[in-house]
There are 2 protein chains.
Amino acid sequence: MGRWEPNARGRLAQAALELYGELGYEQTTVAEIAKRAGLTERTFFRHYADKREVLFDGSSALQELFVTAVAEAPRSVAPIGAIAAGLEAVSTVFEGRREHARQRQAVIVANAELQERELIKLASMSTALADALRRRGVTGPAASLTAEAGVAVFKVGFELWLTAPEEREMSQLMRESLDELKAVTTRG
Amino acid sequence: MGRWEPNARGRLAQAALELYGELGYEQTTVAEIAKRAGLTERTFFRHYADKREVLFDGSSALQELFVTAVAEAPRSVAPIGAIAAGLEAVSTVFEGRREHARQRQAVIVANAELQERELIKLASMSTALADALRRRGVTGPAASLTAEAGVAVFKVGFELWLTAPEEREMSQLMRESLDELKAVTTRG
DNA sequence: AGTCTGATGACAGTGACTGACATCGATGAT
DNA sequence: ATCATCGATGTCAGTCACTGTCATCAGACT
């Protein structure tokens, strides 16, 4: 066995989520998080760039999954259809994690700084999606607009999923949200 | 004349924009901003909640303008049409301010913290727009999705306007972006 | 045994932000 | 004219997020 307990990074993330939930984000100090994880404050900052980032460990993987699904959709599929495929792919990774997602989201909605961080993660996703669409041949503002639309559907669908009854599946809620967006931009 | 030079708030905003442009956001200290404005650091924080907020003084007025235009669109207009009216209203206030907008945007895109702040302002706008749409009778996720679509069009249209030749008007670019979004959500 | 490496600890420092209290010119009441 | 009050600002001490630097130490490799 090693000199240190394994998975320091995971312990920090777990301790942070707990403390942010128990005391609130602002009232929690990084020193407390580190102490609960059996580490020092300095080590926290070696694993996470700042106090907010510890809640967003999986966001890069989620973005890659979304982008890959868009990129790999059949050539015959229209841009908005490729986004739909991405939403489908993303939905699978949240299966069985609704309770964890609810706990995390409760922490985030309680604090503006954390919401800011979440928004920039979604903006990064939008940029990456737009790039993927351009690689599919989408030109001009259409790529950005389709990507923004996709992220908007993800946001709305995700929130619906958090508040929906347990039996409702995320993928279905994403499809319904996308259909709703299509309807809403068509009328008028 | 008064005990103090007038418009302390405006002087702080001006000094901050200059210094963020000259030195970069991170390299600028609040003490420097205050000094250039002829004030102290403590006074800066009496006018602005934090170092970022000084760049977003007008965002609340912009949001009100957008929301009011949506609320006051004729009852017969569809939700997406009301958003179009809001985009039209918003476009007018930027007339003649393109150079200032470019300078400010250059500062923002150079720093992630500032982008986060901008994104939460846009998210606040989206929430307020969705509320306005609900007051118009729009129900369920349609309100949120229409509002998100409107903000997406604003973002894309605004960026087009910043990089477009001087003679192109913002209102026209907003209309083109909205049309593009409609096209993109229809195909597929 | 000797050496190197990677994760961690220890410690000092900067700067954003806050709370508490002092200052002082302007304003209006007396 | 005098005085009490008020609002914007200054002063100062303090907390905490975050960083740079150097020391430590178990395991891997030779």
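Since the structure is predicted, the reported quantities are computational estimates derived from the model, not experimental observations. Letters A, B, ... mirror the listed sequences (proteins, then strands); counts begin at 1.
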Starting the side chain at C-beta, find the nucleotide from dA17(D), dG9(C), dG10(D) nearest to R46(A).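 Out of dA17(D), dG9(C), dG10(D), the nucleotide with an atom closest to R46(A)'s side chain is dG9(C).
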Quick test of your reading of the model: are E113(A) and R52(B) salt-bridged, counting only N-O distances below 4.0 Å? no
Could you tell me how far apart [X] ([atom1]) and [N] ([atom2]) are, to the nearest whole angstrom?
{"X": "F45(B)", "N": "dT15(D)", "atom1": "CZ", "atom2": "C1'", "answer": "14 Å"}
{"X": "R52(A)", "N": "dC16(D)", "atom1": "CZ", "atom2": "C1'", "answer": "12 Å"}
{"X": "K35(B)", "N": "dT9(D)", "atom1": "NZ", "atom2": "C1'", "answer": "18 Å"}
{"X": "Q27(B)", "N": "dT19(D)", "atom1": "CD", "atom2": "C1'", "answer": "14 Å"}
{"X": "E41(B)", "N": "dT11(D)", "atom1": "CD", "atom2": "P", "answer": "12 Å"}
{"X": "E5(A)", "N": "dG6(C)", "atom1": "CD", "atom2": "C1'", "answer": "17 Å"}
{"X": "Y48(A)", "N": "dT8(C)", "atom1": "OH", "atom2": "P", "answer": "12 Å"}
{"X": "F44(A)", "N": "dA10(C)", "atom1": "CZ", "atom2": "P", "answer": "18 Å"}

Would one find a side-chain N or O of [X] under 4.0 angstrom from OP1 or OP2 of [N]?
{"X": "R11(A)", "N": "dT8(C)", "result": "no"}
{"X": "H47(A)", "N": "dA7(C)", "result": "no"}
{"X": "T43(A)", "N": "dG9(C)", "result": "yes"}
{"X": "R42(B)", "N": "dC21(C)", "result": "no"}

Heavy-atom nearest nucleotide on DNA chain D for G38(B) versus A31(A): which residue maps closer to 5'?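 Nearest-nucleotide comparison on DNA chain D picks G38(B).
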Is there a salt bridge (charged side-chain N to carboxylate O under 4.0 Å, His left out) between E26(B) and K51(B) once you walk through the steps? CA-CA 10 Å; E26(B) 284 183 11; K51(B) 194 184 166 187; over 6 Å; no
Do the side chains of L178(A) and M174(A) get nearer than 4.5 Å, heavy atoms only?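 No, their side chains stay 4.5 Å or more apart.
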So, R117(B) side chain and I108(B) main chain: donor-acceptor pair closer than 3.5 Å or not?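 No, because the side chain of R117(B) does not come within donor-acceptor range (under 3.5 Å) of the backbone of I108(B).
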Drop me the distance from S126(B)'s OG to Q63(B)'s CD, to the nearest 0.5 angstrom. 9.5 Å
